[in-house]
Amino acid sequence: MSHGTWLQLPLVFLAAAVLAVPLARYLRLGSILGYLVAGLLIGPAVLGLIPESTAIPEVAELGVVLMLFLVVLELEPKRLWAMRRPIFGWGSVQLLGCAAALTAVGVATGHPWRLSLVVSLGLAMSSTAVALAVLAERNLGRTTAGENILSVALLQDIAAIPVLALVPVLALSGAHDDAEGKTWLAAAKAVGAIVTIVFGGRLLLRPALRWIAHSKTPEIFTAAALLLVLGTAALMQLVGLSMALGAFLAGVLLAESEYRRELETDLEPFKGLLLGLFFIAVGMGLDLKAVAAQPGFVALLVLALLGCKIVVLMLMSKAMQIPLVERPAFVILLAQGGEFGFVVFQLAQSEGMINASQNSALVAAVALSLALTPLLLSGGDRL
């Protein structure tokens with residue numbers, strides 16, 4: 001890539017963000033919608049100022065990783081242990097309940113149950129980036145709804161490996177005689193990586209940070225903090241797990257560290273910039289041609305996605321005894337699709353379960369649900 005192109009990319013990104021985000025905030029649509037619209041405008045679908053690139057979404061995903069790390073860093077292990085019931089209890093209810101409802105809709109409309117189940121698992125995932133960004137923007141992290149949203153988001157990240165392992169098992173085409181063996185191998189790698197991070201981190205992380213802090217070089221401490229987050233995320237990705245799960249484990253290990261506040265301060269600017277880049281990348285990935293080619297199908301997907309999840313989440317919010325004034329935020333922030341859905345759909349396409357056109361429609365439906373979230377939040381505020 002030429003020097004001019006490297007200079008063009010940050011210039012276009014910064015100009016789009018500076019123009020679109022303040023305008024969206026002025027119109028009370030939220031900064032997230034501003035980033036999404038900015039990405040749509042500069043992407044290949046509209047102005048074409050940024051060519052198609054796989055590097056941008058990968059770099060942008062680091063924003064989600066850093067955000068989850070900082071959120072978990074604020075939680076003391078005792079408080080996190082106290083949240084184990086909502087994480088594995090209500091988090092599982094949300095994921096399985098929404099997947100079951102969406103699978104029923106898919107089967108009722110004539111689609112095979114295996115295909116419906118895989119697609120539904122991808123759609124049942126919510127966007128950790130959107131949920132945590134709105135919680136931080138509205139200062140809702142310490143509310144009942146905010147804590148339960150975090151619990152559901154953590155469960156979804158933990159559930160990434162079994163969902164990904166299930167896709168090839170349920171694939172409708174190709175020979176998968178060794179699918180069971182691969183699933184057990186992936187599970188063994190995942191457990192090994194988690195054990196390595198937990199026990200290795202307890203033995204090495206704090207002494208290493210203490211040694212680096214004694215050097216009294218702030219920029220090296222910041223580099224070490226970034227290395228910690230990216231290293232655990234890369235290890236999780238290497239064994240087929242979500243990078244966000246690696247950030248979660250790193251945050252848990254350092255939640256009681258004496259360097260917790262310093263780590264938060266050092267990583268906060270990187271989180272904001274990369275998270276904005278993530279939303280711009282999602283907007284760039286919206287394929288307007290695919291939407292225009294099958295508008296009815298995409299609209300039906302969006303309605304089924306939001307409708308099924310809203311019904312399940314409303315029932316959950318009542319059973320969880322979330323205060324009435326907080327229920328709209330809980331329901332809306334978990335009703336949209338998530339970035340993990342893009343991974344599931346891509347894997348399903350590579351396994352021959354869906355074609356490129358169906359994949360584009362599913363990605364468009366998830367992106368539209370993300371774009372509709374700020375508007376639904378505004379409606380929820382008025383309600």
## Note on the structure
Hits for side chain to side chain contact (heavy atoms under 4.5 Å, CB included) against Leu372, two or more places apart or cross-chain, chain-then-number order -> Val302, Leu306, Leu375
### Message
So does Leu123 get a backbone contact from the side chain of Lys309, meaning a donor-acceptor N/O pair under 3.5 Å?
### Response
yes
### ILVMFWY cluster, Val311 and Met320 together (side-chain gap under 4.5 Å)
no
### Query
Which residues pass the side chain to side chain contact (heavy atoms under 4.5 Å, CB included) test with Leu41, sequence neighbours left out?
Val37, Val46
### Task
Decide whether Phe345 and Leu300 are clustered together by the hydrophobic rule: side chain heavy atoms of Ile, Leu, Val, Met, Phe, Trp, Tyr closer than 4.5 Å, transitively.
no
### Task
Could you state whether Trp113 and Met353 fall into the same hydrophobic cluster, counting links through intermediate Ile, Leu, Val, Met, Phe, Trp or Tyr residues with side-chain heavy atoms under 4.5 angstrom apart?
yes
## Note on the structure
d(Leu313 CG, Ile149 CD1) to nearest 0.5 Å is 9.5 Å
### Query
To the nearest 0.5 Å, what is the distance between CZ (Phe297) and CD (Gln358)?
6.0 Å
### Query
Do Glu326 side-chain atoms and Ala145 backbone N/O form a donor-acceptor pair below 3.5 Å?
yes
#### Entry: side-chain contact (heavy atoms from CB on, under 4.5 Å) between Val119 and Leu102, worked out
CA-CA 9 Å; Val119 171; Leu102 290 166; over 6 Å; no
### Query
Do Ser126 side-chain atoms and Ala335 backbone N/O form a donor-acceptor pair below 3.5 Å?
no
### Minimum heavy-atom distance Leu370-Gly337, with the two atoms named
CD2-O, 3.4 Å
### Task
Report yes or no: does Ser120 contribute a side-chain atom to a donor-acceptor pair with the main-chain N or O of Thr103 at less than 3.5 Å?
yes
### Message
I'd like to know whether CE of Met314 has more than 12 heavy-atom contacts from other residues, nucleotides or ligands below 6.0 angstrom.
### Response
no
#### Entry: Heavy-atom pair of closest approach, residues Leu121 and Ala99
CD2-CB, 3.8 Å
### Considering all heavy atoms, the nearest Leu377-Ala329 contact
CD2-CA, 4.4 Å
### Summary
Quick note, side-chain hydrogen bond (donor to acceptor under 3.5 Å, both in side chains) partners involving residues 294-306, not counting sequence neighbours, are Gln294-Ser357
### Task
Find out if a path of hydrophobic residues (ILVMFWY) with successive side-chain heavy-atom gaps under 4.5 Å connects Leu376 to Leu368.
yes
### Nearest atoms (heavy-atom pairs only) where Ala224 meets Ile212
CB-CD1, 3.5 Å
Side-chain donor/acceptor pairs under 3.5 Å, residues 87-98, sequence neighbours excluded:
| residue | atom | partner | partner atom | Å |
| --- | --- | --- | --- | --- |
| Ser92 | OG | Phe88 | O | 2.6 |
| Gln94 | OE1 | Gln156 | NE2 | 2.9 |
| Gln94 | NE2 | Ala124 | O | 3.2 |

### Query
Should Ile332 and Thr373 be marked as a side-chain contact (heavy atoms from CB on, under 4.5 Å) after you check the CA-CA gap, both sets of side-chain angles, and the distance that decides it?
CA-CA 7 Å; Ile332 294 170; Thr373 298; 4.2 Å; yes
### Minimum-distance pair of heavy atoms, taken over all atoms of His111 and Ser116
CB-OG, 3.5 Å
### Message
For Ser317, give me all partners under side chain to side chain contact (heavy atoms under 4.5 Å, CB included), at least two apart in sequence or on another chain.
### Response
Ile322, Arg327, Phe330, Val331
#### Entry: Stepwise side-chain contact (heavy atoms from CB on, under 4.5 Å) check, Glu147 with Thr143
CA-CA 6 Å; Glu147 291 185 349; Thr143 62; over 6 Å; no
### Message
Applying a strict under-4.5 Å side-chain criterion to I, L, V, M, F, W and Y, I'd like to know whether Val344 and Val105 cluster together.
### Response
no
### Query
Is the backbone N or O of Lys318 less than 3.5 Å from a side-chain atom of Gln321, with the two atoms forming a donor-acceptor pair by type?
no
Output a table of donor-acceptor pairs, distance under 3.5 Å, between side-chain atoms of residues 9-22 and any protein atom two or more places apart or on a different chain; print 'none' if there are none.
none

### Message
Rounded to the nearest 0.5 Å, what separates atom CG in Leu334 from atom CE in Met125?
### Response
12.5 Å
